[in-house]
Amino acid sequence: SRELPPYYQPWMDIAQHVTELIYSHTLRSHILKMPLLNTRFLESHRELRLAHLALSVMTMGYVWQEGENDTVKILPRNLAVPYWKVSQRLGLPPILTHADAVLANWKKRDPHGPFDIENLELLVTLPGGDSVRGFFMVTLLVELAAVPAIKSIPLVINGVQCGDAETVTSALEEISQAMEGMTDALKLMHAYVKPDVFYGIIRIYLSGWKDNSSMPAGLVYEGIQAEPMEYSGGSAAQSSLLHCFDELLGVKHEDNCGAFLTRMRNYMPSSHKHLIQDISLQPSLRGFVQQEASELLTAAFQLCVTKLMALRSYHINVVSCFITVPAARARQLRRQGNSSQEETVSRAPTALEETGTGGSGIMSFLKTVRDRTRDVSLPLDNRAMQKSTNGAQPQNTQHTTHQTHLQTNRF
């Protein structure tokens, strides 16, 4: 949905101008003057999603309008109350999520034209100009590339249940091809997003009030409860895609990584969360592949593991370019006492330096997640079998030279 009923125009009037209002330092005062609207006139799922998106960008702008040093303790009731109610109806948290900024935030310029980056535009935006559009749109195209894989998952599950190795093999081939398409889509990030703009301008508006030293107490949602609440900022881990693949292939994430990924499922639309749970309850695909001992089936399974690792490795490469390198530059400028804002990276909040906007210690997290993916590899022949029993990699997984991406959500 691109439009809400006319009653909600006071929301849209602000939501569609959040960026300008942040730059003129007047967003907070506009929000404080906004009427307290009733959410009962929001009827369809699409209207609720658009309302959640609009209320989310207003909230991120309200909290971060003055950067990390002048945050707020209270979200005013005329924003907090409807935001909470819409969130409850959708099963989403009252903060900007991947499901908002990416999945519900696009329209085609030409409705009959192609679904590609030149023909897409955002419904609402945040500071960051073309780079913020690029960031959300490229992420959306990664989601789009995953569609054939998501559609193939039921074929795999039914094939395993019927003992039909041929169906499972061809569905797995479809999935590995889609994973490669996701990695290719992710490569567009370098063409459409400037690292210094992402790091120095965009990231703060995606960050939350849990595990964030800029807002140690969280945020009070006025009119909901007196105690502050904590919510994590946006994260690729909020995309249901890689959660689905991990459950299908039997990838297990333990300790802190597993806990963070599981918590991120509460930041997804409930239908996505249920799909992931459903996949996790099915008989083991990996067990079926081992039991069948078919060369073609094993190769198809192993190719999925390899392509998923490649996607994750490429995502690590992207994070390095867009976070690690600019963070090092910002630290260098601080050490030199160069406090001038001449370089965009200097505008970044120091609280986020080593972490993802979701609050995870980003590099060690991503590398651990990729390494757990490698653990489900299946050797393709006896020589590899002997090698892998002592914990060495099967030969076929050593050649992951090209690389990967993390998650985005399905439509």
Side-chain angles (χ1 to χ4, degrees), residues 1-2 4 8 11-12 15 18 37-64 75 77-106 122-126 136 139-140 143 150 205-212 218-225 228-244 260-278 356-360 406-411:
S1 181
R2 297 183 193 181
L4 293 180
Y8 297 103
W11 291 353
M12 296 314 285
V18 161
L37 302 181
N38 192 312
T39 57
R40 71 167 184 268
F41 310 114
L42 296 165
E43 285 168 4
S44 69
H45 176 77
R46 281 172 174 260
E47 283 180 352
L48 285 165
R49 290 287 291 274
L50 181 54
H52 197 272
L53 169 65
L55 295 163
S56 294
V57 295
M58 283 193 269
T59 296
M60 296 319 240
Y62 188 89
V63 169
W64 300 115
L75 196 68
R77 75 177 61 237
N78 49 357
L79 178 50
V81 171
Y83 194 18
W84 181 264
K85 288 183 173 164
V86 168
S87 298
Q88 294 294 108
R89 282 173 67 184
L90 284 169
L92 286 171
I95 192 168
L96 183 74
T97 67
H98 173 86
D100 302 301
V102 176
L103 300 185
N105 191 18
W106 58 274
L122 298 176
L123 300 181
V124 296
T125 191
L126 284 161
F136 293 146
T139 309
L140 180 67
E143 293 282 332
I150 297 296
Y205 297 102
L206 308 179
S207 56
W209 27 98
K210 179 178 171 64
D211 306 323
N212 187 340
L219 184 66
V220 173
Y221 290 76
E222 190 184 37
I224 301 301
Q225 66 171 46
M229 293 185 254
E230 296 188 321
Y231 292 100
S232 295
S235 167
Q238 294 172 358
S239 163
S240 41
L241 300 177
L242 271 71
H243 293 257
C244 288
F260 176 74
L261 288 168
T262 302
R263 192 161 62 73
M264 286 298 105
R265 294 181 184 182
N266 297 325
Y267 289 70
M268 297 175 188
S270 35
S271 56
H272 293 203
K273 188 178 172 181
H274 292 144
L275 175 63
I276 297 164
Q277 284 166 339
D278 288 346
T357 46
S360 60
L406 206 74
Q407 300 124 231
T408 357
N409 256 319
R410 43 182 253 300
F411 308 112

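Every value quoted in this text rests on a predicted model; they were computed, and no experiment measured them. Numbering of residues begins at 1 and proceeds along the displayed sequence.
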Could you state the interatomic distance from OG1 (Thr39) to NZ (Lys85), rounded to the nearest 0.5 Å? 5.5 Å
Spatial distance of atom OH (Tyr231) from atom OH (Tyr267) [nearest 0.5 Å]: 7.0 Å
Does Arg77 offer a backbone N or O that forms a donor-acceptor pair with the side chain of Tyr83 under 3.5 Å? no
If we only count heavy atoms from C-beta on, is the Leu275 to Ser240 side-chain gap below 4.5 Å? no
Output all residues satisfying side-chain contact (heavy atoms from CB on, under 4.5 Å) with Met58, sequence neighbours left out; order by chain, then residue number. Trp11, Ile14, Ala15, Val18, Ile31, Met34, Leu55, Leu79
Looking only at heavy atoms, the pair that brings Phe260 and Ala237 closest together is CE2-CB, 3.9 Å
For the residue pair Arg49 and Pro269, establish whether any side-chain heavy-atom pair is separated by less than 4.5 Å. yes
Is there a donor-acceptor pair under 3.5 Å between the side chain of Asp211 and the backbone N or O of Ser232? no
CG/Leu219 to NZ/Lys210 distance, rounded to the nearest 0.5 angstrom? 14.0 Å
Should Leu90 and His45 count as side-chain neighbours, where that means a heavy-atom distance under 4.5 Å? yes
Nearest 0.5 angstrom please: Thr59 OG1 to Ile95 CD1, how far? 8.5 Å
Could you give me the CA-CA distance, side-chain angles and deciding distance for Ser235 and His98, then say whether side-chain hydrogen bond (donor to acceptor under 3.5 Å, both in side chains) is met? CA-CA 7 Å; Ser235 167; His98 173 86; over 6 Å; no
Residues which pass ring-ring contact (aromatic ring centres under 6.0 Å, His included) with Tyr62, listed by chain and number, not counting sequence neighbours: none
Which residues pass the side chain to side chain donor-acceptor pair (under 3.5 Å) test with Thr125, sequence neighbours left out? none
Is the shortest side-chain heavy-atom distance between Met60 and Leu206 below 4.5 Å? no
Mind checking what makes side chain to side chain donor-acceptor pair (under 3.5 Å) contact with Tyr221, not counting sequence neighbours? Trp209
Closer than 3.5 angstrom, by distance alone: can the side chain of His272 be matched with the main-chain N or O of Arg265 as a donor-acceptor pair? no
side-chain contact (heavy atoms from CB on, under 4.5 Å) involving Gln88 - partner list, sequence neighbours excluded: Trp84
His274: which residues meet the side chain to side chain donor-acceptor pair (under 3.5 Å) condition with it, sequence neighbours left out? none
Between Glu43 and Glu47 the two heavy atoms that sit nearest each other are N-OE1, 2.9 Å
A side-chain contact here means heavy atoms from C-beta on lying under 4.5 Å apart; do Ile224 and Val81 qualify? yes
Are Cys244 and Ile276 packed together at the side-chain level, in the sense that at least one heavy-atom pair is separated by less than 4.5 angstrom? yes
Report yes if the side chains of Asp100 and Leu92 come closer than 4.5 Å at any heavy-atom pair, otherwise no. yes
Taking all non-hydrogen atoms of both residues into account, name the closest pair between Ser56 and His52 and its distance. OG-O, 2.6 Å
Return the CG to CG distance between Leu122 and Leu53, rounded to the nearest 0.5 Å. 9.0 Å
